[in-house]
Amino acid sequence: MCGIVGYIGNKKACPILLAGLTRLEYRGYDSAGVSTIEKNGLSLMKNKGRVKNLYDLDGIDKLEGTIGIAHTRWATHGKPSNENSHPHQDNSKRISVVHNGIIENYSELRGLLESNGYHFYSQTDTEVIPNLIHYYFSKNTEDNSVMGFLRAVRDACLDLKGSFAIEVITDYFPDNMIVVRKDSPLVIGTCDDEKYISSDIPAILSFTRDFYLLNDFEFVLLSRTSARFFDSQLNEFQKNTDVIEWNSSAAEKDGFEDFMLKEIFEQPNAVRETIGSRISNNLTCDIDELNFSKEDLKKINKIYIIACGTAMHAGLSGKNAIEKLCRIPTEVDIASEFRYRDPIVDNNTLCIFISQSGETADTIAALKLAKSKGATTIAISNVIGSSITREADFTIYTHAGPEIAVASTKAYTSQVILINILAIYFAETLESASCEQLKDLKSEILSLPKKIEETLECKEQIFNFAKKVYQEKDMFFLGRGIDETVAKEGSLKLKEISYIHSESYAAGELKHGPIALIENGVTVVGIMTDEKLTPKTISNIQEVITRGAKTLIITNQVIDYNSFNEVIKIPNTSPFVSPILSVIPLQLLAYYISKEKGLDVDKPRNLAKSVTVE
Ligand code: G6P
């Protein structure tokens with residue numbers, strides 16, 4: 001949720017930290033702060049509100065320190081306020097900490113510290129951490145070296161229940177920083193005499209491509225020239241760096257007004273990258289990361305696709321493809337439900353986890369549960385080295401490039417493509433679908449980047465429609481079959497960034513209740529890409545027109561345009577992959593409505609890009 005940045009090197013830390021926070025703001029943006037090691041002790045500057053407010057703080061431009069930590073917050077414990085902003089310090093103000101995650105036993109630890117004379121000034125769970133470190137460091141009077149301080153950080157972390165990624169600085173050791181994580185992302189970028197720390201790769205990608213990807217409970221003692229790694233027994237070990245190949249300009253706006261618009265327009269390329277060499281021009285399909293034999297797959301009698309939000313909607317198109325092509329019963333589950341509903345999972349179950357960030361707390365917990373019950377697990381993620389990729393038996397990357405806007409767009413289309421390719425791979429291995437059908441689908445997939453480009457040409461038409469409807473209070477999204485999955489995603493996009501209430505419904509279900517809400521002028525969006533289902537959906541749309549609804553239709557079918565207020569024609573394709581095209585006008589609709597309303601498209605209220613809390 002929250003964003004963390006750190007710097008240790010020879011340059012002034014503060015400008016680097018503020019630039020990093022700005023790039024990380026999508027992780028949370030209700031308050032922000034920095035702490036640096038200055039000649040006369042630790043500085044602490046923090047404020048409620050956006051990162052840009054930090055630039056106005058008195059004295060922030062005078063900070064000279066070359067080691068510092070910074071944080072942008074998405075509130076969990078304690079409302080957004082100056083006191084609750086990070087960094088937090090111990091009572092002696094000699095230790096500063098930033099933290100991402102949730103300390104579940106913080107009130108117990110707070111009680112323990114209070115009974116030892118410590119006071120608390122915020123409502124946060126985080127404030128226990130610097131005090132607990134101080135408590136252990138001052139208790140162990142025999143070792144006041146940096147290793148003794150590392151031991152105190154380790155002791156404090158072993159007391160914490162929940163999730164955390166933390167950075168610790170102290171003026172006891174003004175040339176060091178300590179970082180550690182558990183169930184919350186943290187990476188260290190390294191180059192020459194500098195180290196950059198962040199909860200997310202894009203924030204520091206312009207400085208280096210060489211990263212240490214941390215695992216849980218790896219304690220890192222950083223100096224300008226070294227990164228020393230210790231396990232929780234404080235045994236030192238060696239760790240190699242990974243090279244991240246993302247282009248840093250891919251994480252910038254590249255002339256687009258917002259990241260979301262840029263990412264919508266990146267979809268032809270993102271999908272091209274996802275397809276990569278998995279489907280070749282001679283229509284062979286291979287997924288290098290997997291090695292399932294026919295026997296392995298024959299044993300699988302049930303598949304779960306588990307995810308949250310947009311990734312779950314991508315999972316719905318996966319269910320369609322897997323059930324139709326492989327004839328294996330497939331359920332799509334919301335991760336936060338799956339983990340608590342005692343799902344029927346055994347050695348013959350395959351669980352596929354989809355997560356753009358790979359850090360969604362509920363998805364990670366669901367993955368751990370599925371593994372403990374003996375399931376085979378596959379992670380589909382966009383972020384190399386992210387937590388789900390390290391937990392799962394197999395990982396397939398979408399390679400869509402960094403997605404910064406909170407509302408997911410190119411990650412969704414890449415996930416839909418990838419899960420269709422996975423279904424083809426399974427079907428070929430199992431010989432469960434005809435070669436002809438699979439060949440047609442593969443050539444459709446190869447033609448999609450071009451068709452996405454054509455679909456994006458509807459931009460102007462959608463912009464004009466958005467101008468007509470942006471002040472509305474309610475909208476409905478209808479579809480049948482695969483189109484219903486896109487209705488769900490279109491409705492979510494609208495809610496997320498334009499704050500208009502919307503409902504998505506299976507078109508045939510509308511008459512069983514929700515049609516009571518249809519009245520004069522309500523906008524109903526209909527999606528029709530399946531020849532067999534289109535006449536049925538048209539009948540349902542007629543029912544709302546009769547009751548006064550205004551209609552926007554997204555279709556690749558031959559229909560009577562005059563029956564509807566606006567029709568967006570998209571290129572023809574197989575219904576298996578039609579979400580990749582039909583979702584685009586809906587992404588643009590949400591985008592332009594949000595712009596017309598003057599909202600912050602990339603950072604919608606109350607949301608965060610990566611939900612690392614339960
Ligand atoms: C958050 C975001 C959504 C996203 C969901 C799942 O709620 O606001 O846009 O779809 O998390 O994220 P993931 O990284 O697991 O795909």
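As the structure lists them, so they are numbered: ligands from 1, and atoms in each ligand from 1.
Side-chain atoms of N382 come within 3.5 Å of backbone atoms of G401 as a donor-acceptor pair (strictly under, hydrogens ignored). A side-chain donor-acceptor contact under 3.5 Å links T398 to the backbone of S381.
Which parts of ligand 1 touch S355 is read off a 4.0 Å heavy-atom cut-off, strictly below it: atoms 13 (P), 14 (O), 15 (O), 16 (O). Near T310, meaning under 4.0 Å from any of its heavy atoms, are these atoms of ligand 1: 10 (O).
Ranking the protein heavy atoms by distance from atom 5 (C) of ligand 1 puts C308 O, 4.0 Å first. Protein heavy atom in closest approach to atom 8 (O) of ligand 1: A608 O, 3.2 Å. For atom 14 (O) of ligand 1, the closest non-hydrogen atom of the protein is S357 OG, 2.6 Å. At the top of the distance list for atom 7 (O) of ligand 1, counting protein heavy atoms only, stands V611 CG2, 3.7 Å.
Residues R480 and D530 are not paired through a salt bridge, judged by the lack of any N-O separation under 4.0 Å between the basic side chain and the carboxylate. Salt bridge absent: D333 and R339 never bring a charged side-chain N and a carboxylate O closer than 4.0 Å.
Applying the ring-ring contact (aromatic ring centres under 6.0 Å, His included) rule to pairs touching residues 354-385 yields nothing, sequence neighbours excluded.
One option in T360, V406, V383, N606 has a heavy atom closer to atom 15 (O) of ligand 1 than any other, and that option is T360.
With rounding to the nearest 0.5 angstrom, the OH atom of Y499 is 14.5 Å from the NZ atom of K473.
For N269, the side chain to side chain contact (heavy atoms under 4.5 Å, CB included) partners two or more places apart in sequence, or in a different chain, are R272.
Proximity of E496 to ligand 1, defined as any heavy-atom pair under 4.0 Å, is confined to the side chain (atoms from C-beta onward).
At a 3.5 angstrom cut-off on N or O pairs, Q356 counts as close to ligand 1.
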